[in-house]
Amino acid sequence: MVYDCVIVGSGPAGLEAALNLKIHNKNFLWLGSKNLSDKIRKAERISNYPGFANISGEKLIDAFLQQMKEMEIEVTEKMVNQIMPMGQTYALMAGSDYYETKSVILTTGVANKMTLPGESELLGKGVSYCATCDGGLYRGKKIAVLCNSKRFEHEITFLSELAEHVYLFKEYVEPAAVADNVEIMNTRLTAVEGADHVDAVIGKDESRTEVDGVFFLRDSIALSNLLPNLESENGHIKVNRMMETNLPGVFAAGDCTGRPYQYTKAMGEGNVASHSVIEYLSKLA
């Protein structure tokens, strides 16, 4: 069987793409995790998702799953390890399984190759990647921030207006524009500590700083070698406004295309990518 499209990744961008392809009666396969997104599921509170005021990640995932059930959409739980161009189609290898498709939508999210010890384990328990989403949880508290680019300093400023004190671990050489309650740490952040919740961060100099939460503001993600010759830009998959990559029939959406890492941004890009696929398929001989 040759699919019209294969979606790789089961976050919000993948979900939105699947919904549109289903509505347009396309023959597609959705590869990813049946749990959808651990990043969303572990979110303590989401305040900027239209129509769902201050919803928890768990409840938002439940809403996603209910909609999938009603529309008879399923995720095939497979990890794609290679995508190979084959003329007008692409071959995807997932373990010992082989799939062929006319188009691909990559919604692989943020890679976790650069995570620190304790970072993944404490996601949703004091570890966050979104200042806008979770900053309000730390009003009047002490937090740590790891930032590797000057262009995210506005997010540090935003957090400083909420938190009592910010310990900034910056990984760039330009001077940081910081508020009075932001303390620049002269060591690299190497680990996050805590049992059920973040309680401290560890520096390369073995210093231990007690905090209530940690924000990771990173500039790029680590791209895998899934697809030969796929162009990247600043550590993300390079796309245009139609979510087209440099390869014909390959589209990308969500966190893998760059910041901001927001659920609504991801879903919007998934929508655009799916419509671009529909247009692409209409032009194939």
Side-chain angles (χ1 to χ4, degrees), residues 37-49 53-60 109-221 255 259-263:
S37 169
D38 285 339
K39 179 182 176 182
I40 295 179
R41 186 177 293 277
K42 293 178 180 180
E44 299 174 67
R45 185 178 68 190
I46 301 169
S47 301
N48 61 344
Y49 196 100
N54 297 322
I55 191 172
S56 69
E58 190 75 30
K59 289 183 178 179
L60 186 58
V110 178
N112 290 320
K113 291 183 178 180
M114 302 301 291
T115 57
L116 301 179
E119 179 180 340
S120 298
E121 294 84 350
L122 292 169
L123 178 62
K125 301 176 182 178
V127 168
S128 175
Y129 300 103
C130 178
T132 306
C133 303
D134 299 329
L137 298 173
Y138 299 95
R139 191 178 299 275
K141 297 182 179 181
K142 297 179 179 180
I143 60 173
V145 175
L146 182 149
C147 181
N148 73 353
S149 176
K150 183 177 177 63
R151 68 190 186 94
F152 303 133
E153 287 183 359
H154 68 282
E155 296 193 32
I156 299 171
T157 300
F158 172 75
L159 290 170
S160 72
E161 294 170 351
L162 298 172
E164 175 189 339
H165 196 84
V166 178
Y167 298 97
L168 174 60
F169 297 81
K170 67 183 188 75
E171 298 184 340
Y172 57 97
V173 296
E174 297 91 346
V178 295
D180 291 340
N181 64 335
V182 177
E183 179 180 351
I184 298 179
M185 309 299 287
N186 295 316
T187 185
R188 291 181 67 88
L189 185 63
T190 57
V192 182
E193 283 191 348
D196 297 324
H197 197 275
V198 170
D199 56 33
V201 292
I202 307 301
K204 187 177 181 180
D205 59 359
E206 299 184 356
S207 60
R208 185 178 189 274
T209 305
E210 294 187 358
V211 294
D212 299 297
V214 188
F215 287 81
F216 291 89
L217 308 178
R218 293 192 175 106
D219 187 44
S220 63
I221 63 174
D255 288 357
R259 283 183 170 269
Y261 300 147
Q262 298 280 314
Y263 308 136

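Keep in mind it's a predicted model, so treat the numbers as computed, not measured. Excluded from the calculations below are hydrogen atoms, water molecules and symmetry mates; all remaining heavy atoms, backbone and side chain alike, are included. Counting begins at 1 with the first residue of the sequence.
- Summarising the geometry, atom OG belonging to Ser56 is positioned 10.5 Å from atom CD belonging to Glu44; distances are rounded to the nearest 0.5 Å.
- Evaluation of the salt bridge (Lys or Arg N to Asp or Glu O under 4.0 Å) rule for Lys59 yields no partner, not counting sequence neighbours.
- Applying the salt bridge (Lys or Arg N to Asp or Glu O under 4.0 Å) test to Lys142 and every residue at least two apart in sequence or in another chain returns nothing.
- More than 12 heavy atoms of other shown residues, nucleotides or ligands fall within 6.0 angstrom of atom CD in Glu174.
- Partners of Glu164 under the salt bridge (Lys or Arg N to Asp or Glu O under 4.0 Å) rule, at least two apart in sequence or in another chain, do not exist in this structure.
- Of all non-hydrogen atoms in Ala195 and Leu122, the two that sit nearest each other are O-CD2, 3.8 Å.
- For the side-chain contact (heavy atoms from CB on, under 4.5 Å) with Phe169, the lone residue among Thr190, Leu189, Asn186, Val214 that qualifies is Leu189.
- Taking the side chain as every heavy atom from C-beta outward, Lys39 and Tyr261 approach each other to under 4.5 Å.
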*Output, in order, the C-alpha distance, side-chain angles, deciding distance and verdict of side-chain hydrogen bond (donor to acceptor under 3.5 Å, both in side chains) for Tyr129 and Glu119.*
CA-CA 10 Å; Tyr129 300 103; Glu119 179 180 340; 2.6 Å; yes
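- Among residues two or more places apart in sequence or in another chain, the salt bridge (Lys or Arg N to Asp or Glu O under 4.0 Å) test is passed with Glu171 by Arg188.
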*Going through the distances and angles, do Ile40 and Ile46 end up as a side chain to side chain contact (heavy atoms under 4.5 Å, CB included)?*
CA-CA 9 Å; Ile40 295 179; Ile46 301 169; 4.3 Å; yes
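- Nearest heavy-atom pair across Asn48 and Gln262 is ND2-OE1, 2.7 Å.
- Leu159 places none of its side-chain heavy atoms less than 4.5 Å from the side chain of Tyr138.
- Not counting sequence neighbours, Tyr263 has no partner by the ring-ring contact (aromatic ring centres under 6.0 Å, His included) test.
- Between Leu168 and Cys147, the shortest heavy-atom contact is CD1-CB, 4.2 Å.
- The side-chain contact (heavy atoms from CB on, under 4.5 Å) test with Phe216 singles out one residue from Asn148, Leu116, Val145, and that residue is Leu116.
- In this structure, the side chains of Val178 and Ser160 stay at 4.5 Å or more apart for every pair of heavy atoms.
- In this structure, Asn181 contributes its side chain and Ala163 its backbone to a donor-acceptor pair below 3.5 Å.
- Nearest heavy-atom pair across Ala131 and Glu155 is CB-OE1, 3.6 Å.
- Among residues at least two apart or in separate chains, side chain to side chain donor-acceptor pair (under 3.5 Å) pairs with a member in residues 192-201 are Glu193-Arg208, Asp199-Arg208.
- Taking the side chain as every heavy atom from C-beta outward, Asp134 and Phe215 approach each other to under 4.5 Å.
- Thr187 contributes a side-chain N or O that, together with a main-chain N or O of Lys204, makes up a donor-acceptor pair within less than 3.5 Å.
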